[in-house]
Amino acid sequence: MTTTPAGYTYDEQSATSPVTREQLSQLLTDVMWTDDDAAALRRAGEILRPQVSDLLDVWYDFIGSTPHLVAVFHGTDGEPDAEYLDRVRGRFEQWVVDLCTREFDGQWLAYQEEIALRHHPTKKNQTDGVDSPWSHVPMSHMMALAVPVTLTVRDFLAKGESDPSQLDAMHQAWFKAVTVTLVLWSRPYAGDLW
């Protein structure tokens, strides 16, 4: 039995994303997305789903040991809020699964917008009702995290795939999909310039 992470609203009615299907199509073209990538990402999801908690251990170890990254999870006492980190972790795990298994459709776009707003001053801290001195997650942090989130996933994929060409295909599809989400999450920060 699976448990829905606190604050996870994917299947609820979300506001429509201001990003159009045409803009998403252009973005997918920009990252050279193909049908083969979609299939490789689905296969990656089969491998990553049972390992998602271990994968998040690696990511959280990195974030937790990097003062400027963990700072956005600080409470008013200046210390990391463990409950806040735990609630976000559940949604982060679900994001890994969703990225690999959901269709990039209107509902997916709407939830990417919701995630973006939760990093931006528009909704930061609201979902979990935290009192944090940080009004937003710096966009530079989100963009730079593409590197550890991409590089570290390869070892997890290798636990389920020994063929180097298939491993490369899954890893490339993961990188492209992560890039697409990060570009979508930049939309509130860029405003009309997006």
Side-chain angles (χ1 to χ4, degrees), residues 4-20 23-24 27-28 30-31 52 55-76 78-100 102 104 106-153 174-194:
T4 302
Y8 179 70
T9 58
Y10 189 99
D11 294 314
E12 296 176 16
Q13 184 64 32
S14 296
T16 303
S17 171
V19 177
T20 66
Q23 289 171 313
L24 175 61
L27 177 54
L28 291 169
D30 292 348
V31 299
V52 72
L55 179 60
L56 262 290
D57 285 345
V58 171
W59 294 349
Y60 262 46
D61 284 349
F62 175 70
I63 291 168
S65 67
T66 309
H68 68 275
L69 295 177
V70 77
V72 299
F73 294 101
H74 284 184
T76 54
E79 295 297 320
D81 182 329
E83 290 181 20
Y84 183 27
L85 279 160
D86 190 52
R87 287 191 300 268
V88 170
R89 180 186 171 120
R91 293 190 299 271
F92 208 172
E93 289 179 1
Q94 190 62 51
W95 170 78
V96 171
V97 174
D98 285 352
L99 186 59
C100 294
R102 299 276 189 166
F104 296 172
Q107 186 176 10
W108 183 82
L109 267 177
Y111 198 62
Q112 300 319 298
E113 178 70 10
E114 177 66 20
I115 293 171
L117 294 173
R118 290 178 184 189
H119 288 82
H120 186 264
T122 306
K123 286 191 171 184
K124 171 79 168 71
N125 303 325
Q126 291 179 17
T127 299
D128 297 302
V130 297
D131 188 14
S132 170
W134 284 82
S135 67
H136 67 285
V137 175
M139 189 172 74
S140 59
H141 294 359
M142 289 190 314
M143 295 300 173
L145 283 173
V147 174
V149 164
T150 299
L151 294 181
T152 57
V153 82
W174 171 262
F175 174 58
K176 291 177 183 183
V178 166
T179 300
V180 167
T181 60
L182 289 175
V183 171
L184 292 171
W185 295 353
S186 75
R187 195 220 51 81
Y189 294 84
D192 293 339
L193 300 177
W194 195 88

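Atoms considered below: every heavy atom in the structure, side chains included; atoms not considered: hydrogens, waters and symmetry mates. It should be emphasised that the depicted structure is a prediction, and the values quoted were computed from it without experimental measurement.
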Quick one: [atom1] on [X] to [atom2] on [Y], what's the gap to the nearest 0.5 Å?
X      : Y      : atom1 : atom2 : answer
Glu114 : Ser17  : CD    : OG    : 11.0 Å
Arg91  : Tyr8   : CZ    : OH    : 11.5 Å
Glu113 : Leu184 : CD    : CG    : 8.5 Å
Tyr189 : Leu117 : OH    : CG    : 9.5 Å
Thr179 : Met143 : OG1   : CE    : 9.5 Å
Leu28  : Phe104 : CG    : CZ    : 6.5 Å

Who pairs with Asp98 by salt bridge (Lys or Arg N to Asp or Glu O under 4.0 Å), at least two apart in sequence or on another chain?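 If we apply the salt bridge (Lys or Arg N to Asp or Glu O under 4.0 Å) test to Asp98, skipping adjacent residues, the hits are Arg102.
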Could you give the side-chain donor-acceptor pairs of residues 130-138 under 3.5 Å, partners two or more places apart or in another chain?
unit_1, atom_1, unit_2, atom_2, d
Ser132, OG, His74, O, 3.0
Ser132, OG, Trp134, N, 3.1
Trp134, NE1, Ala71, O, 3.0

Partners meeting side chain to side chain contact (heavy atoms under 4.5 Å, CB included) with Thr181 (sequence neighbours left out):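 Applying side chain to side chain contact (heavy atoms under 4.5 Å, CB included) to Thr181 gives Trp95, Leu99, Trp108, Gln112, Trp185.
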Of all the heavy-atom pairs spanning Val70 and Ile63, show the shortest one and how long it is.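 Minimum heavy-atom separation between Val70 and Ile63: CB-O, 3.5 Å.
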Is [Y] close to [X] at the side-chain level, that is, under 4.5 Å between some pair of heavy atoms?
X      : Y      : value
Tyr111 : Ile115 : yes
Thr9   : Thr127 : no
Phe62  : Leu69  : yes

Any side-chain to backbone donor/acceptor pair from [X] onto [Y]? Under 3.5 Å, distance only.
X      : Y     : value
Arg87  : Gly7  : no
Gln23  : Thr20 : yes
Gln107 : Tyr10 : yes

Take a 6.0 Å sphere around CD of Glu83 and say whether it holds more than 12 heavy atoms from other residues, nucleotides or ligands.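 Atom CD in Glu83 is not crowded, with 12 or fewer foreign heavy atoms closer than 6.0 Å.
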Residues forming a ring pair (Phe, Tyr, Trp, His ring centres under 6.0 Å) with Phe73, sequence neighbours excluded: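 Result, ring pair (Phe, Tyr, Trp, His ring centres under 6.0 Å) vs Phe73: Tyr84.
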According to side chain to side chain donor-acceptor pair (under 3.5 Å), who are the partners of Ser186, at least two apart in sequence or on a separate chain?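 Trp194.
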Go through the steps for Leu56 and Val96 under the test side-chain contact (heavy atoms from CB on, under 4.5 Å), then give the verdict. CA-CA 9 Å; Leu56 262 290; Val96 171; 4.3 Å; yes
Pairs meeting criterion side chain to side chain donor-acceptor pair (under 3.5 Å) with involvement of residues 55-68, two or more places apart: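 Those involving residues 55-68 are Asp57-Arg89, Trp59-Thr152.
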